[in-house]
Amino acid sequence: MLETLVIIPTYNEIENLESIVDRVLASNDHTDVLVVDDASPDGTGDLADRLAARHPEVHVLHRATKDGLGGAYLAGFAWGLERGYWALVEMDADGSHQPEQLPRMVEQLVDHDLVLGSRWVPGGEVVNWPRRRLLLSRGGNAYTRVALAIDVRDATGGYRVFSAEALRRIDLSRVSSQGYCFQVDLLWRALKRGLRVVEVPITFVEREHGESKMSSSIVVESLLRVSVWGLRRRIADVREVMRHGHRLPSVRHLSHRVLPRT
Ligand SMILES: Nc1nc2c(ncn2[C@@H]2O[C@H](COP(=O)(O)OP(=O)(O)OP(=O)(O)O)[C@@H](O)[C@H]2O)c(=O)[nH]1
Ligand SMILES: [Mg+2]
């Protein structure tokens, strides 16, 4: 049977973890959960161990110190690839990503390599975000689209499904970005390799419990790195024209399409 692994990174999510794990298991068949906890001081790691003792589908990876969302996902991907999962999912612990919307995303792996849960395609929505966060997300995505010359509407979202094959083709050993930038980094690598990417509308709900780990340094990291990647691509393009008389294949039109909401 082809199994899916939902990777949930946690740092101080004790109020949210049990509910999200229960919802994943209730709404998804043939699906395991891997909690990647960075020694949360609030005891999230112990709760994860208790959930694993209760449900054979739940596994836990304990890391010694808080080392960022990107590092937690890379450790989770390595764990899942080693064990032969077919689909690997990124999902926040805070209830922002609805586990009930996952089956429709996983279905898309039949003819795609990377499925992006998208807030900014028709049918996608955000519930309970302050205006400041809406502006930040829309502005960040608009800048990313222009800088990288891509069509993806939600390049920074953290609700995604990768095929195992897609993760093997992305050179994960060279990814060092954190925060939102980690998401753009993986997407950019996938597009450059010609992987088939699709956006599926999702309903993103602001967390009710616990604290966001978003910070201004995450935004600055993203802005700088995206600018550098865009610049590098343009320089590579000019070189290609000078050497071979034509541009690099357009990443914009390679393989991205938006799925309508049903
Ligand atoms: N293991 C691990 N998990 C983390 C770390 N930082 C954040 N997380 C988890 O990553 C997920 C997303 O973090 P949030 O704080 O919700 O950040 P966000 O979703 O980018 O920001 P908001 O939109 O404000 O919620 C949550 O499940 C966090 O617990 C970290 O350093 N290590
Ligand atoms: Mg969140």
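Note that ligands are numbered from 1 as they come in the structure, with each ligand's atoms numbered from 1 the same way. What you are looking at is a predicted structure, and each value in this text was computed from that prediction instead of being measured. Every heavy atom of this structure was used, including side-chain atoms; hydrogens, water molecules and symmetry mates were not.
Between Arg207 and Glu13 there is a salt bridge, since at least one side-chain N of the basic residue sits less than 4.0 Å from a carboxylate O of the acidic one. Salt-bridge check for Arg189 with Asp185: passed, with a basic side-chain N closer than 4.0 Å to an acidic carboxylate O.
For Pro9, a nitrogen or oxygen atom sits less than 3.5 Å from a nitrogen or oxygen atom of ligand 1, counting backbone and side chain alike. Here's the thing with Ala72: none of its N/O atoms is less than 3.5 angstrom from an N/O atom of ligand 1. The N/O atoms of Asp92, backbone and side chain alike, include one that comes under 3.5 Å of an N/O atom in ligand 1. Note: an N/O pair closer than 3.5 Å links Asp38 and ligand 1 by distance alone. Residue Glu206 has no nitrogen or oxygen atom sitting less than 3.5 Å from a nitrogen or oxygen atom of ligand 1, judged on distance alone. When only interatomic distances are considered, the shortest N/O to N/O separation between Ser96 and ligand 1 does not fall below 3.5 Å.
Heavy-atom contacts of Trp129 reach the following atoms of ligand 1: 23 (O) (cutoff under 4.0 Å). Applying the 4.0 Å criterion to heavy atoms of Thr10 picks out, from ligand 1, the atoms 1 (N), 2 (C), 3 (N), 29 (O). Set against the non-hydrogen atoms of Val36, the atoms of ligand 1 under 4.0 Å away are 1 (N).
The closest approach between any non-hydrogen atom of Gly158 and ligand 1 is not below 4.0 Å.
Around the Mg ion (ligand 2), protein atoms of type N, O or S found under 2.8 Å number 1.
Within the structure, salt bridge (Lys or Arg N to Asp or Glu O under 4.0 Å) pairs that include any residue of residues 31-44 comprise Asp38-Arg63 (at least two apart or interchain).
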